[in-house]
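Sequence lines set the chain letters: A, B, ... in the order given, protein chains first and strands last, and positions in each chain run from 1. Since the structure is predicted, the reported quantities are computational estimates derived from the model, not experimental observations.
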Amino acid sequence: MVMLAPNQQQTEKLIYERPHSLEEVYTHYCPGCTHGIAHRLIAEVIDELDIQERTILVAPVGCAVFAYNYFAFDSAEAAHGRAPAMATGIKRVNPDSIVFTYQGDGDLASIGIAEAIHAASRGEQLTVIFINNAIYGMTGGQMAPTSLLGQVTTSSPTGRDAQATGQPMRIAEMMAGLPGVVYSVRRSLHDARHVIQAKQAIKTAFEAQMQGLGFSIVELLSSCPTNWGMSPADAVHWVRDEMIPVYPLGDYKVAEALQNKRGRN
Amino acid sequence: MAKELLKGNVAIAEAAVRAGCEAYFGYPITPQTELLEHMSKRMPELGRVFLQAESEVAAVNMVYGAASAGVRVMTSSSSPGISLMQEGFSYIAGSEVPAVVVDVMRGGPGLGNIQPSQADYNQVVKQAGHGDFHPIVLAPSTIQESIDMMVLSFDLAEKYRTLVFMVLDGAIGQMMEPAELPPMREMNEKRPSWALTGQSKRRLNGRLPDKNVVTSIHLGGDELNAFNEKLQAKLAQITANEVRYEESYIEDAEIIVVAFGTAGRVAGTAVKNLRQANVPVGLFRPITLWPFPEKRLAHLAERAKAFLVVEMNAGQMLHDVREAVGCQAPVEFLGRMGGLLPFTNDIEKEVQTIWRRSEVLALHQQN
């Protein structure tokens with residue numbers, strides 16, 4: 001037992017708190033859903049970079065439609081898939097703001113693929129946080145462009161068939177092929193180690209925008225226990241065992257100016 | 001400033017620049033493209049934002065973004081592009097941000113053609129997107145009027161936090177005539193209090209302001225109902241304040257020709273010719289298609305014997321005129337489609353027929 005000397009003051013050290021960039025509210029996300037983790041990581045990064053007061057979120061249509069209730073900064077709610085276009089409009093007239101979109105796979109990879117690709121191709125000074133959970137969450141579990149082959153969803157009841165609906169789309173790899181993109185990586189939120197790596201990637205993506213380098217995107221493999229019909233624990237294992245083989249984690253493009261930054265695997 | 005010979009689309013673009021437009025997002029489509037081209041040159045010259053979007057869908061959502069940031073923003077397109085933009089119009093209306101749209105109408109449906117038309121009346125005036133809303137719709141008939149209304153469009157958009165359309169047909173966009181441009185207006189540097197600027201821009205005495213949110217979602221039934229009630233109240237206020245129309249030879253007119261835009265201009269010449277032939281005809285030209293000048297038309301119907309609606313479509317405004325006139329007088333229609341203009345002699349012939357019929361009728365009534 002360590003005895004404190006009478007003159008030795010016991011000081012409290014705060015090691016964990018709610019990020020200032022998150023509102024003090026409950027979210028509507030299901031138990032075991034990784035949206036909450038992704039929100040927290042973004043908020044921590046924004047606090048650490050001290051950009052809360054100049055950050056503007058463009059929320060998607062999907063489960064994160066109310067993301068603007070959870071983040072504590074200016075926010076817009078876009079039409080389905082149009083977040084990168086709306087964000088373009090905002091950023092072009094507010095060039096010193098930090099503008100990011102938060103989009104799921106239905107929003108970005110399906111209905112909004114044109115807006116996403118063209119914003120990236122133009123090298124818009126935007127950051128995209130792309131949540132890939134291989135399913136449409138909000139509408140109740142339909143097949144997404146990122147659904148795995150054989151994956152049973154409410155609109156692919158016998159499993160996704162490549163002949164009829166093609167192969168899962170690999171967004172991080174695709175974005176890396178566009179000259180306007182300076183940072184395109186894939187991370188996962190299935191365990192603590194990967195969550196920490198995801199946070200580093202999110203930070204690098206925002207730093208890319210702060211330095212005016214161009215378009216940055218972080219794809220986050222995420223779980224959807226409710227629509228996958230799994231327990232939260234089984235769901236993160238499914239991310240690890242089934243999704244990662246199809247969606248390899250890694251850095252698909254890191255501009256030279258970002259090479260010495262965090263965010264590498 | 002002296003008059004210059006100006007092409008419609010270019011004059012409108014330059015008028016927007018001078019009205020203080022800070023950002024333009026658009027997509028090429030005939031017969032509107034010169035507007036976009038002029039903006040591509042002028043806006044960067046002045047340090048303002050020009051961006052050619054990848055589609056009309058993207059363009060309107062860029063407009064939505066810039067409008068949410070509280071700047072004077074516009075887009076322009078033509079009929080098929082306007083169809084694509086309807087999604088964005090509805091969101092803009094649903095979140096009450098100001099934006100301006102110029103629609104240089106062409107013939108439809110489908111690809112139709114690239115000639116002048118007024119067939120977007122319904123899609124702009126009646127249903128510019130899903131949900132209960134109307135944009136303010138201005139319909140100029142000359143290049144000078146287009147210039148003047150471009151400036152007015154931005155003012156109305158800001159005043160009511162609403163979407164404002166200026167609709168013209170390809171003829172006005174493509175023709176040249178002498179017109180006078182307005183002086184360059186001071187830029188409005190101050191963003192409105194609701195705008196997305198990042199909170200630091202709105203700091204007052206060092207205090208961090210509340211965050212601003214621009215959204216069109218109201219998930220609760222009561223909440224959405226309340227929003228719609230508020231929106232309808234605003235539309236009622238616009239209806240009370242902003243109805244615009246032009247009349248000529250109306251005081252003693254027994255037959256009233258109702259036409260807007262280029263059709264209104266052609267009808268004006270026809271009416272003048274008919275007056276020289278002593279036919280008691282007048283012209284009523286709606287300038288705001290929404291709010292529609294229905295009260296004035298209803299009043300005129302109390303003493304007019306007949307109405308003739310002339311449009312470059314199959315009869316779209318016709319129904320608004322019929323609703324205003326009710327059973328007080330017959331409302332006839334003369335329409336041209338396919339990108340064709342009505343000719344003065346077509347209109348004159350039609351009015352003469354109506355006039356003779358009403359005279360014969362009057363004679364019968366006397367006997």
Side-chain angles (χ1 to χ4, degrees), chain A residues 20-23 28 46 50-61 64-99 101 111-122 124 126 138, chain B residues 22-25 43 47-73 75 85-92 94-95 97 99 129-130 191 194-203 208-219:
Chain A
H20 299 297
S21 292
L22 271 191
E23 299 281 9
H28 69 286
I46 286 171
D50 194 23
I51 51 173
Q52 179 188 359
E53 290 186 30
R54 59 184 181 117
T55 295
I56 301 172
L57 158 75
V58 182
V61 171
V65 69
F66 290 123
Y68 58 78
N69 285 334
Y70 310 139
F71 288 111
F73 37 74
D74 281 5
S75 306
E77 166 50 40
H80 196 20
R82 316 297 177 222
M86 191 176 192
T88 296
I90 294 172
K91 179 76 179 193
R92 290 281 179 130
V93 301
N94 289 337
D96 49 0
S97 304
I98 301 299
V99 181
T101 72
I111 194 168
I113 192 71
E115 287 76 13
I117 286 181
H118 281 278
S121 178
R122 287 190 303 267
E124 292 292 339
L126 299 173
M138 192 175 69
Chain B
E22 291 170 76
Y24 173 95
F25 303 93
M43 296 294 271
R48 305 184 197 173
V49 175
F50 168 86
L51 185 59
Q52 181 175 325
E54 63 269 29
S55 67
E56 285 92 347
V57 176
V60 75
N61 283 286
M62 290 171 186
V63 168
Y64 183 24
S68 303
V71 304
R72 271 187 200 139
V73 58
T75 186
M85 287 183 178
Q86 288 219 336
E87 173 189 79
F89 298 152
S90 178
Y91 282 76
I92 288 169
S95 45
V97 292
H130 63 281
R191 302 279 178 91
W194 48 263
L196 303 181
T197 56
Q199 288 159 285
S200 60
K201 292 276 170 66
R202 303 189 301 276
R203 260 188 189 280
L208 191 64
D210 289 342
K211 69 180 179 188
N212 282 340
V213 175
V214 171
T215 180
S216 62
I217 191 169
H218 306 277
L219 216 48

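Contact tally against chain B (heavy-atom pairs below 4.5 Å) for Val65(A), Thr55(A), Val58(A), Val93(A): the top residue is Val93(A). Between chain B and the residues Ile56(A), Asn69(A), Thr88(A), Ile51(A), the largest count of heavy-atom pairs under 4.5 Å involves Ile56(A). Chosen from Asp210(B), Val60(B), Val57(B), the residue pairing most often with chain A at heavy-atom distances under 4.5 Å is Val57(B). The candidate with the highest count of non-hydrogen atom pairs below 4.5 Å against chain B, out of Val61(A), Leu57(A), Asp96(A), is Asp96(A). Ranked by non-hydrogen atom pairs under 4.5 Å with chain B, the options Ala87(A), Ala79(A), Ser97(A), Gly81(A) are led by Ala79(A).
With a threshold of 4.5 angstrom between heavy atoms, Ala76(A) approaches chain B through its backbone and through its side chain. With a 4.5 angstrom heavy-atom cutoff, Leu196(B) touches chain A via backbone and side-chain atoms both. Neither the backbone nor the side chain of Val99(A) comes within contact range of chain B; no heavy atom of the residue lies under 4.5 Å from a heavy atom of that chain. In this structure, chain A has heavy atoms under 4.5 Å from both the backbone and the side chain of Thr197(B). Of the atoms belonging to Phe71(A), it is backbone heavy atoms, and not side-chain ones, that fall under 4.5 Å from chain B. Only the side chain of Val71(B) comes within less than 4.5 Å of a heavy atom in chain A; its backbone stays farther off. Heavy atoms of Arg203(B) lying under 4.5 Å from chain A belong exclusively to its side chain. Contacts between Ala58(B) and chain A at a heavy-atom distance below 4.5 Å involve backbone atoms as well as side-chain atoms. When heavy atoms are compared at a cutoff of 4.5 Å, Ala67(B) does not approach chain A at all.
Interatomic distance, CD of Glu115(A) versus OG of Ser55(B), reported as 5.5 Å (0.5 Å rounding). Atom CD of Gln52(B) is separated from atom NE2 of His118(A) by 11.0 Å, given to the nearest 0.5 angstrom.
With salt bridges taken as basic N to acidic carboxylate O contacts below 4.0 Å, one links Glu87(B) and Arg82(A).
The nearest pair of heavy atoms linking Asp74(A) to Gly198(B) is OD2-N, 2.9 Å. Minimum heavy-atom separation, Met86(A) to Ser68(B): CE-OG, 3.4 Å.
For Ser95(B), the side chain to side chain donor-acceptor pair (under 3.5 Å) criterion is met by Tyr64(B), not counting sequence neighbours. Partners of Tyr24(B) according to the ring pair (Phe, Tyr, Trp, His ring centres under 6.0 Å) rule, which considers only residues two or more places apart in sequence or in another chain, are Phe50(B).
Formation of a donor-acceptor pair under 3.5 Å by the Lys211(B) side chain with backbone atoms of Tyr68(A) is found in this model.
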